[in-house]
Q: 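Take a look at this one; I'll ask things after.
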Amino acid sequence: FGSSFVFRPPVASLPSPASSTHQHIQYTFAFVFLSSKSSVAAMAGDAPYTNMDPEESAGKRWCKRILKWSVVIVVVLYLVVLLIQFCCYQWATIHCNAGQLKDYSFPGGGAKNLVPKDTLLAEQEPKWWGSSFVSYPADKDGQTQGASTGVYFRTWGPLFWTVTYQDIVSKETFVIRDKMIHIGGSHQIKRCDGIGPIYTVQEGSHVVMNWIRSLFGMYNSRVYNIYEDNTMVAVSSKLGGQQSHKQMVFRRPDDENPFASCFLKSRHFHGQFDQWFVEVKEDSPLPNFVPNAVTVLMAFGTAAQKSNKEKNDEAAKTDDAGFLEVKKTDDKPAMTAEQAWTAEQEAIAPAAEEEEQQQQPEVALAEASQPAKEEAAATETETAADAKAEDLKAPAVESESEATEATEATEAEAPKEA
């Protein structure tokens, strides 16, 4: 905090160097060094120099400190987020390396296509760390043709999700990830063995029009370009607007006819899951795993929207309770299938007992009236037997009377003949 001052006479008072006497005049300069703030305070009454460096206010100092620490905290948090994302990506792709796929036969789709040409993608029960879709081979009619050939796993990350495909022997054959620094949506698809080009699906120049189409719910809502390395080889179009009948077609940039397509086949597969059908034609310029990868990206997003909608609907039902009404919450854990069956049987048991109790008076009344019914039946049987006996006696009496009449007639005719 030291300061120094120099004192000299005005310029006009200095003698001219051209004078005849060439008198050399020695000028004395005084230096004053202020070594502490106490010296400045002592000179405050005489010197006007004390106001040259005013002290900063407390508010300005605190603003600088807050700004500095805010920048430090933001940088630290960003580095922590990057570290977490790196760990999540490494965990998701732990088996995605060329060493494990050397001389591999790639069951299910072959070395080029990796997956079957026509497939069914079935949603599975989501987990806390991610979700999955199982891939089944299918025919042209969308019917399953065998057991599953692999599964798509989506792993969470703070910056982006990572999707990997595992075949029937748990070999990761290709991976799908988001590209962070890009205009609009951008996704990268690459093989784990490092062979072949890298495919990129991105909005690019369609980002503004895609936003407008989605805003107004147009039928053709989103368009993405598909690049093979740096060459655009295909275009994908999302159809169906914002409704549940979601679908997508793939075509060449210079052709209107699609070479591949997919659509949401069912929203109630096994009761509550989504099911997608993917069809790829023979003349496709893309290997089969690229249309399947793009489809599964939309499938994951659609399933997440469905889950969020169900949660919001459930929350809306809960919020319908009155302002002063105490809301009932069910904190019981989820039951297994056996526990659910037992609970169902316990719920049915009281109704069965009540029905049995209602039937008991009727049974007692029926048992009490049973002897009377049996006696009445016996009486009816006896009456029927007597009636039958009378019917049998009647012809016999008639025959006897006829015989008597015949005898009498014979006896009457005998004297006449005599």
Side-chain angles (χ1 to χ4, degrees), residues 82-117 119 121 129-130 132-135 137 148-182 185-204 224-236 250 252-253 259-260 262 278 280 282-300:
L82 286 180
L83 178 61
I84 296 175
Q85 180 62 59
F86 175 79
C87 295
C88 292
Y89 181 78
Q90 293 298 322
W91 167 256
T93 59
I94 191 171
H95 298 296
C96 182
N97 57 75
Q100 295 190 7
L101 299 176
K102 186 177 180 180
D103 300 328
Y104 190 57
S105 61
F106 297 94
K112 176 184 177 182
N113 293 308
L114 305 182
V115 297
K117 188 172 294 295
T119 57
L121 304 178
W129 49 265
S132 61
F133 271 81
V134 175
S135 177
S148 62
T149 58
V151 60
Y152 294 89
F153 283 112
R154 188 172 77 152
T155 305
W156 176 85
L159 299 178
F160 59 84
W161 295 86
T162 303
V163 181
T164 56
Y165 176 79
Q166 293 184 8
D167 60 14
I168 56 175
V169 291
S170 300
K171 296 285 188 180
E172 293 182 356
T173 56
F174 62 93
V175 61
I176 313 162
R177 52 154 294 182
D178 293 350
K179 297 181 68 176
M180 295 176 54
I181 304 176
H182 206 278
S186 181
H187 314 279
Q188 185 184 85
I189 308 168
K190 66 176 182 178
R191 297 170 60 110
C192 291
D193 57 4
I195 300 174
I198 296 177
Y199 294 90
T200 304
V201 184
Q202 62 184 21
E203 284 185 287
Y224 281 76
N225 298 330
I226 301 178
Y227 292 86
E228 185 180 278
D229 287 336
N230 295 323
T231 304
M232 189 172 72
V233 294
V235 176
S236 67
F250 302 84
R252 291 180 174 85
F259 60 82
C262 68
V278 186
V280 183
E282 294 291 343
D283 60 345
S284 172
L286 299 174
N288 296 342
F289 72 89
V290 177
N292 276 266
V294 178
T295 301
V296 83
L297 287 174
M298 187 165 70
F300 278 120

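Below, all heavy atoms of this structure are taken into account, side chains as well, without hydrogens, waters or symmetry copies. Just so it is clear, the structure is predicted and the values come from calculations on it, not from any experiment.
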Q: Verify, without hydrogens or angle tests, whether Glu172 (side chain) and Thr164 (backbone) share a donor-acceptor contact under 3.5 angstrom.
A: no

Q: Would a distance-only check, ignoring hydrogens and angles, find a side-chain to backbone donor-acceptor pair under 3.5 Å from Asp229 to Pro197?
A: no

Q: Any chance you could measure Ser132, atom OG, to Tyr165, atom OH, to the nearest 0.5 Å?
A: 12.5 Å

Q: Please determine, by modelled atom types, if Thr119 and Asn292 share a side-chain donor-acceptor pair under 3.5 angstrom.
A: yes

Q: Parallel, tilted or perpendicular for Phe174 and Tyr152, by the 30°/60° rule?
A: perpendicular

Q: Does CG belonging to Asp283 count more than 12 external heavy atoms closer than 6.0 Å?
A: yes

Q: What is the distance from atom CZ of Phe259 to atom OG of Ser284, rounded to the nearest 0.5 Å?
A: 4.5 Å

Q: For Gly185, does its backbone N or O pair with a side-chain atom of Glu203 as donor and acceptor, under 3.5 Å?
A: yes

Q: State, to 0.1 Å, how close Pro137 and Pro116 come at their nearest heavy-atom pair, and which atoms those are.
A: CB-CG, 4.3 Å

Q: Can you measure from SG (Cys192) to CG (Leu114) and round to the nearest 0.5 angstrom?
A: 9.0 Å

Q: Starting at CG of Leu286, measure out to OH of Tyr199 and round the result to the nearest 0.5 Å.
A: 6.0 Å

Q: Just verifying a value: how many Å separate Phe289 CZ and Thr173 OG1, rounded to the nearest 0.5 Å?
A: 8.5 Å

Q: Check whether Asp178 reaches the backbone of Met180 with its side chain - one donor and one acceptor, N or O, closer than 3.5 Å.
A: no

